[in-house]
Protein chains: 2
Amino acid sequence: MSVLPNIPDPLADKDSSRRESNAQDGATHCMATSQPKGPPGKLHDLHRPGAGEGDESTFCHTCAFSGVCQVAGYGKPELLELHCLVEHVGPYRTGEYVFRNRDPFRAIYAVRAGTIKTVVVNRDGNEQVLGFFLPGEVVGLDAIYPEHYPCDAIALEPSHFCRFSYPAMTALASREPDVQQHVFRMLSKELGAASLLTGDHSADERMAAFLVDLSARYQARGFSGTHFRLSMSRGDIANYLRLASETVSRVLGRFREQGILRIVGREVQFVDGDRLRDMASNVFND
Amino acid sequence: MSVLPNIPDPLADKDSSRRESNAQDGATHCMATSQPKGPPGKLHDLHRPGAGEGDESTFCHTCAFSGVCQVAGYGKPELLELHCLVEHVGPYRTGEYVFRNRDPFRAIYAVRAGTIKTVVVNRDGNEQVLGFFLPGEVVGLDAIYPEHYPCDAIALEPSHFCRFSYPAMTALASREPDVQQHVFRMLSKELGAASLLTGDHSADERMAAFLVDLSARYQARGFSGTHFRLSMSRGDIANYLRLASETVSRVLGRFREQGILRIVGREVQFVDGDRLRDMASNVFND
DNA sequence: GCCTCGCCTTGACCGAGATCAAACACGGGC
DNA sequence: GCCCGTGTTTGATCTCGGTCAAGGCGAGGC
């Protein structure tokens, strides 16, 4: 039972997570054969707390891919084509692979609900967490160049995605300069975001930066930025930040006793957000 | 005097480096006013050892941007437009800024000759080296999203560049799907390359990975991959690898006494390349 | 030639965080 | 209820690489 009330719970959707479904074919909009289908199944049954129980377009407004969908889709003949471009997939169960290292690259994924982590496993079997992806964020852009996914993507909670066919997307981008521009910008943004891991910073700075980053990303997508649930284990956080999980525990414990945040299990509430941002500032602005 | 003979010396071009020239306007092909100009000044006077004294097209073949230039330029009416897209600039003198943090983003740079480093300076004035860029490599892609350069770019030796107007490039990409595709791939490749700094690795592994990476990049551009000159100081290497410069010295010293490489000053020769690659392997494949 | 200024190297010491170890908490299955 | 397994916390010790300090080396200026 949660001791921190009113936390938007990104897990949610307990029902659909128990459904017997083949995640890969969850809610396909457009088959390879192009045969006509009914309208795409709405995801109204998917609980998306924090963003309200908004409809499709409300959700899409918070998605990093919205530039593509909205430019391409709104009141234009490309609307039909968009249905071929976007395919709703899920739910994927906790621990399930969305794609695997070396899988041929065909599509980019936008998280509709849930969270995933991307990891690589080196030859001695140690896994390395590369990143976490929250609702509205885009995964798979680093697969364009090698033409296969360079990492595994694993759901940390029951998750849904929009899958964008890459060939269809580039074709669309060729005809719609705004779409092309949007993809350039998404790629470039991702380049700039790689800095959390680089830089030698203390465990405190890294942890603070991690929390501040998560907070900002939740907020940007319409969730609470001061009160959220960590969907990843301490071990995953530690691995991502290149710390030992013991160190993560100790730092979080210290933050708690210094009155910087409240944390019970995986539920986090910022108490002194300014203090956190201050600690994190050296990690971001360099 | 070099004790390691026959090293391609990327510095070279002592003459042009002493010229009194305004680097920013070195060899502009196409003025904003579109007034007709003579043919672009050839760079035959620029010493480019390792790639031979090749002509323009030989050089361009080794450039990461070649997909853009060649697709756009060969035997097509876009040839003229390409002259507006590409502008040769330089020489920049050692220590000179190619662009600065927060400068408005207008163009992407490809290194024609020389080397640059990109750095950010955090609020306490400590600089952080983000990367080194060798001939044929492209700088500035991370500026697309923020619309300003997110870092300083500083020449480590006398350097020349091809400057690509970003608006012209996107316009061209809209009309030439192959160009668009090429830019997507360049951006994606850069995303995948960010991994050298991430990951917690020993000083030995980082150093080995750094050398192997440099070697591969020189080789890919037609230079020797086993015998080259470091164009950056130990301090820059250390900063880039998030080590102390003393540690870099010690590790290099150890590599030397273990017979893994010969190193005198900034000149490096691989002796046991397999050993180096072995040490580095954990850094790359994860 | 000599001096100077960076850069590089080498040594001695120290500390943040990893590692090892042992409980503890919590949730699911029965 | 109980058991079991995973994830988390806390304590004790070790170690790699940072920091401080002192020289060494080499290129350029005069």
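The structure presented is a predicted model; accordingly, all values stated were derived computationally and were not measured. Residue numbering restarts at 1 for every chain, and letters A, B, ... go by the order of the sequence lines.
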Quick one: B:M207 CE to D:dG18 P, roughly how many Å, whole number? 13 Å
Counting the atoms with a prime plus P, OP1 and OP2 as sugar-phosphate, which does A:S249 contact under 4.0 Å by heavy atoms, base, sugar-phosphate, or nothing? base
Does the side chain of B:T247 get closer than 4.0 angstrom to OP1 or OP2 of D:dG18 through an N or O atom? yes
Figure out the CG/C1' separation between A:L252 and C:dG17, and round it to whole Å. 15 Å
Have A:E157 and A:T94 got a donor and an acceptor in their side chains that come within less than 3.5 Å? no
Heavy-atom nearest nucleotide on DNA chain D for A:D236 versus A:D200: which residue maps closer to 5'? A:D236
Using a cut-off of 4.0 Å on non-hydrogen atoms, how would the nucleic acid contact of A:G235 be classed: base, sugar-phosphate, or nothing? sugar-phosphate
Determine: side-chain N/O of A:R250 to OP1/OP2 of D:dT8, distance under 4.0 Å, yes or no. no
Length of the CZ-P vector between B:R206 and D:dC16, whole Å: 15 Å
Tell me which nucleotide among D:dT8, D:dG18, C:dC20 gets nearest to the side chain of A:E246. C:dC20
Separation of D:dG7 P from A:I237 CD1 (nearest whole Å): 13 Å
Phosphate contact (C:dT9 OP1 or OP2) by B:R234 side-chain N/O below 4.0 Å: yes
Is any side-chain N of the basic residue among B:K117 and B:D152 closer than 4.0 Å to the acidic one's carboxylate O? no
Side chain of A:S202 - closest among C:dG17, D:dT10, D:dG18: C:dG17
From the set C:dT9, C:dA18, D:dG7, return the single nucleotide nearest to any side-chain atom of A:L243. C:dA18
With nearest nucleotides of DNA chain C determined for B:G265 and A:A244 from heavy-atom distances, which residue corresponds to the more 5′ nucleotide? B:G265
May I have the distance from B:D204 (atom CG) to D:dT15 (atom P), rounded to whole angstrom? 17 Å
Would you please indicate if the ring centroids of A:Y109 and A:F99 are separated by under 6.0 Å? yes
Phosphate contact (D:dG17 OP1 or OP2) by B:R242 side-chain N/O below 4.0 Å: no
Round to a whole Å and report the spacing from CD of B:E257 to C1' of C:dT9. 12 Å
Give a yes or no on whether the ring-centroid distance for A:Y97 and A:Y92 is below 6.0 angstrom. no
With under 30° as parallel and over 60° as perpendicular, where do the rings of A:Y218 and A:F228 fit, or are they tilted in between? tilted
Distance check needed: D:dG17 C1' versus B:N239 CG, whole Å only. 16 Å
Please state how far atom CZ in B:R266 lies from atom P in D:dC25, giving the value in whole angstrom units. 18 Å
